[in-house]
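A short worksheet on the structure shown next.
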Amino acid sequence: MVEHNNYSADKLAQEFGIDVTDKMVNVQARVLPPPMLKYHESGKDKACAPSVGQWNMIGKKMINGGNVQRWTCLNFSRLHIDGVKRFCGDLVKMCNAIGMVFNPMPVVEILSASANNIEGALKDAHQSARDLQLLIVILPDVTGHYGKVKKVCETDLGIVSQCLKPDKVERANKQYFENVALKVNVKVGGRNTALQQALTRQIPLVTDQPTIFFGADVTHPAAGDDSSPSIAAVVASMDWPEITKYKAVVSAQPPRQEIIQDLYCTGIDPEKGTPVHSGMMRELLVSFFQKTKHKPSRIIFYRDGVSEGQFAQVLMYEMDAIRKACASLQEDYQPPVTFVVVQKRHHTRLFPEVHGKETDKSGNILPGTVVDTNICHPTEFDFYLCSHAGIQGTSRPTHYHVLFDENRFTADGLQLLTNNLCYTYARCTRSVSVVPPAYYAHLAAFRARYYDEPSEGSDSASIVSGGTRESAATGAGAAGPPGTYRRLPRIRDNVKDVMFYC
């Protein structure tokens, strides 16, 4: 295309002295080694070294299998109930085979229900089996019901659910059962794998003292939709030193606003007249302390979805919120923070210099490829990392830009840490292209979109104007006066405690 368009011969380009070369830029890159992953001692393989960004569960058991005693299944599809029971039996077998403790008997009988009465059927299941740990839902044959199921289960009833598509259930093979088992395990509070280096406390600036990882993302409504709010999601690691479990909190804010409004909020207690501190950051720090019995000595914050033009604004407002949230817990509590922006939307692509050499199966650069010279910022701390193996098309490397770093990471240290974390994503045995805290925040924000559907006659359709909301009275945000937007229904506590968004 460059040769065909012959930009250099263009009159205007010449007048401005612009010269466009028809060669790609050569940059120095290196390939980071994959981390060793730890599995349970009782499996045949106690640890594993991924190869070209992937591995499998053959001969391995989850490092912490969840325990499911009370479960059942609801079938909304046209599948025959006998087939559904057979499927559940096979799924339970797979879960037990790879390290979970899963009761083979459902606590109430597996039932079929009509797709026209989803809410009623879910409520009946909840009534007939209190404190259900897991509800397996086979979705109706026509699409479009997933959001409804998730909204009812997670905000009304407090049930952790695993939804399955009927066509997948019919053709389920070993690999499918394994993939579902990985998701089920983290939803009931288990861990699939952990970094060996984390368990042996060998990750610099992470395992020597309690460190909390945050991921944050904001999703905006579709173009032309002016009534839906933007949804901010923040997740934080809840275990140390393993760094595999993440808790998510979500919040609605005025549409198309990129800065997270609810990271930290203050209000006044109407009865006592005393100041009340709240906000997503504070809630997650408190949860971390309750779960680990440690105060985080370091904060590493991966922020997704910020364009270059908003770096200064987001950094200023959100760093301030992080600082205030910490100080509100204890006066002199100011752990050092590293603030990293994660970008996938850019036009930089990397190719191997010699075609067909040093590539993965799809002909893309190898997972773990890092570039931090030439095409990066001349004075700031940023790098491109392609942490995943390409499947189709040209891999898009993720651009990590460190806006603020009080933990004094070396370039090597942060690149290696970020790459290693990409191997801890719970839903598959592959390394992923974006660091998991940011990925999970993205999933949680998308999940909360389903909660926003205003249901008839319920108060979730109520409109909030200005800065007050049910979670707390928020200070009017950074960018202009807040608009009016619908608030989100609260996620039930037992659901919130596990990785329900996986």
Going by an N to O cut-off under 4.0 Å, is there a salt bridge joining R303 and E258?
yes
Could you check whether any side-chain N or O of T155 sits under 3.5 Å from a backbone N or O of V152, counting only pairs where one atom can act as donor and the other as acceptor?
no
Drop me the distance from N185's CG to N192's CG, to the nearest 0.5 angstrom.
5.0 Å
Going by the angle between their ring planes, with limits at 30° and 60°, are F381 and F383 parallel, tilted or perpendicular?
tilted
Spell out, as yes or no, whether a donor-acceptor pair under 3.5 Å connects the side chain of T429 to the backbone of W55.
yes
Is the positively charged end of K295 above the ring of Y333, judged by distance under 6.0 angstrom from the centroid and angle within 45° of the axis?
yes
Below 4.5 Å, heavy atoms only, C-beta onward: do L284 and V234 meet side chain to side chain?
yes
Can a donor-acceptor pair be found, under 3.5 Å and without considering hydrogens, that links the side chain of N103 to the backbone of Q69?
yes
Any donor-acceptor N or O pair under 3.5 Å, side chains T193, Y423:
no
Side chains of I159 and H126: closer than 4.5 Å at any heavy-atom pair?
yes
Quick one: are the ring centres of H145 and F76 less than 6.0 Å apart?
no
Can we say K151 and D156 salt-bridge, meaning some charged N sits less than 4.0 Å from an Asp/Glu carboxylate O?
no
For the side chain of T418 and the backbone of Q415, is there at least one donor-acceptor N/O pair under 3.5 Å apart?
no
Indicate whether the side chain of N419 and that of S387 have a donor and an acceptor atom separated by less than 3.5 Å.
no
What I'd like to find out is whether the side chain of Y146 reaches to under 4.5 Å of the side chain of L139, using heavy atoms alone.
yes
Test salt bridge (charged side-chain N to carboxylate O under 4.0 Å, His left out) on D239 and R191 and set out the steps.
CA-CA 10 Å; D239 52 351; R191 275 191 200 96; 2.9 Å; yes
Exam field: side chain K60 to backbone N56, donor-acceptor pair closer than 3.5 Å
yes
Plane angle bin for H277 and Y264 - parallel if under 30°, tilted between 30 and 60°, otherwise perpendicular
parallel
Is R201 positioned over the aromatic face of W240, cation under 6.0 angstrom from the ring centre and no more than 45 degrees off axis?
yes
Does a donor on one side chain and an acceptor on the other come within less than 3.5 Å for Q343 and H401?
no
Nearest-0.5 Å distance, OH of residue Y400 to OH of residue Y302
7.0 Å
Using a 6.0 Å cut-off, check whether atom CZ of R130 has over 12 heavy atoms from anything other than its own residue.
yes
Would you please test E406 and R323 for salt bridge (charged side-chain N to carboxylate O under 4.0 Å, His left out) and show each step?
CA-CA 13 Å; E406 291 176 318; R323 288 258 183 272; 2.6 Å; yes
Pair K38 + E242, salt bridge at N-O below 4.0 Å
no
Counting heavy atoms not belonging to E331, are there more than 12 under 6.0 Å from its CD?
no
Validation row, ring centre F339 to ring centre F404 under 6.0 Å:
no
Hey, do the aromatic rings of Y440 and Y501 have their centres closer than 6.0 Å?
yes
salt_bridge(E41, K61) N-O dist < 4.0 Å:
no
Approximate separation, where rounding is to 0.5 Å, of I212 CD1 and H294 NE2:
12.5 Å
All pairs passing ring pair (Phe, Tyr, Trp, His ring centres under 6.0 Å) where residues 178-210 contributes a residue, at least two apart:
none
What do you reckon, is CZ of F446 surrounded by more than 12 foreign heavy atoms closer than 6.0 Å?
no
Minimal non-hydrogen separation, M238 against K291, with atom names
O-CB, 3.6 Å
Please assess H399 against D382 for the test side-chain hydrogen bond (donor to acceptor under 3.5 Å, both in side chains), listing each intermediate value before the final yes or no.
CA-CA 7 Å; H399 186 215; D382 68 326; 2.7 Å; yes
If we count only N and O atoms by modelled type, under 3.5 Å, do the side chains of S433 and K344 hold a donor and an acceptor together?
yes
Can you see whether Q54 engages R430 through a side-chain donor-acceptor pair at a distance of less than 3.5 angstrom?
yes
Step through it carefully: locate the ring centre of F87, locate the ring centre of F177, and say whether they are under 6.0 Å apart.
yes
Please report the C-alpha distance between E178 and K183 in whole Å, then the side-chain angles of each, then the deciding distance to 0.1 Å, and finally whether the salt bridge (charged side-chain N to carboxylate O under 4.0 Å, His left out) criterion is met.
CA-CA 9 Å; E178 201 172 276; K183 295 172 69 161; over 6 Å; no
